[in-house]
Amino acid sequence: MVRNSRDVTEAELNVLQVLWSQGPLTIRGITEILEPKRVDAYYSTVKKLLERLETKGFVQREAAGIGFIYAGGGGNALRRFIDAAPDSTGTAPGSE
């Protein structure tokens with residue numbers, strides 16, 4: 001399957017699932033949920049994943065003091081993600 005820039009990787013999906021289940025969080029908050037024993041080592045990875053997701057339109061960030069709070073995209077972003085997801089045959093809906 002050819003990937004395009006709108007595809008969401010498994011690691012990005014893990015970040016989205018945290019945001020969808022927990023609500024808006026900082027990078028550190030997300031990292032503490034995903035890798036509680038390796039927060040400092042994993043922080044940069046989560047930051048990069050959030051940058052990619054923001055570029056793809058799946059998360060939004062809002063300034064909060066000297067950092068940012070990230071939120072998973074609402075209905076429109078989630079709908080785009082679901083519409084782009086491959087079905088059980090491995091093809092995205094409407095791509096036939």
Side-chain angles (χ1 to χ4, degrees):
M1 178 171 102
V2 176
R3 298 187 77 91
N4 67 45
S5 63
R6 302 283 308 170
D7 287 344
V8 176
T9 66
E10 186 173 336
E12 291 169 342
L13 181 57
N14 290 339
V15 170
L16 283 172
Q17 288 174 329
V18 169
L19 291 173
W20 291 335
S21 67
Q22 301 295 315
L25 292 167
T26 62
I27 297 170
R28 184 160 298 280
I30 296 165
T31 307
E32 287 173 349
I33 292 168
L34 292 173
E35 290 289 337
K37 294 181 180 179
R38 299 179 8 185
V39 172
D40 291 335
Y42 203 60
Y43 183 93
S44 298
T45 301
V46 171
K47 181 177 179 183
K48 186 63 177 174
L49 292 169
L50 286 164
E51 289 171 359
R52 289 183 194 162
L53 287 166
E54 185 178 19
T55 299
K56 294 176 183 183
F58 291 108
V59 300
Q60 296 84 39
R61 70 178 174 163
E62 184 177 313
I66 61 170
F68 294 96
I69 299 287
Y70 291 84
N76 290 338
L78 182 56
R79 180 81 259 153
R80 284 195 320 271
F81 177 73
I82 291 169
D83 288 345
D87 63 18
S88 60
T89 64
T91 59
S95 64
E96 299 164 351

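- Residues passing the side-chain contact (heavy atoms from CB on, under 4.5 Å) test with A11 are T9, L49, sequence neighbours excluded.
- Scored by the side-chain hydrogen bond (donor to acceptor under 3.5 Å, both in side chains) test, E54 finds R61 as partners (sequence neighbours excluded).
- The side-chain contact (heavy atoms from CB on, under 4.5 Å) check on R28 picks up T26, E32, V39, D40, Y43, with sequence neighbours excluded.
- Distance check: E12 CD to E51 CD gives 11.5 Å after rounding to the nearest 0.5 Å.
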Trace of the side-chain contact (heavy atoms from CB on, under 4.5 Å) decision for I33 with L25: CA-CA 10 Å; I33 292 168; L25 292 167; 3.8 Å; yes
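- Here R38 pairs with E35 under the salt bridge (Lys or Arg N to Asp or Glu O under 4.0 Å) rule; sequence neighbours left out.
- Counting only heavy atoms from C-beta outward, the side chains of F68 and I27 never approach each other to under 4.5 Å.
- Across every non-hydrogen atom of I69 and A64, the tightest pair is CG1-CB, 3.4 Å.
- Considering every non-hydrogen atom in both L13 and V8, the closest pair reads N-CG1, 3.6 Å.
- Residues passing the salt bridge (Lys or Arg N to Asp or Glu O under 4.0 Å) test with K47: none are found, sequence neighbours excluded.
- There is a path of hydrophobic side-chain contacts, each under 4.5 Å, that joins L50 to W20.
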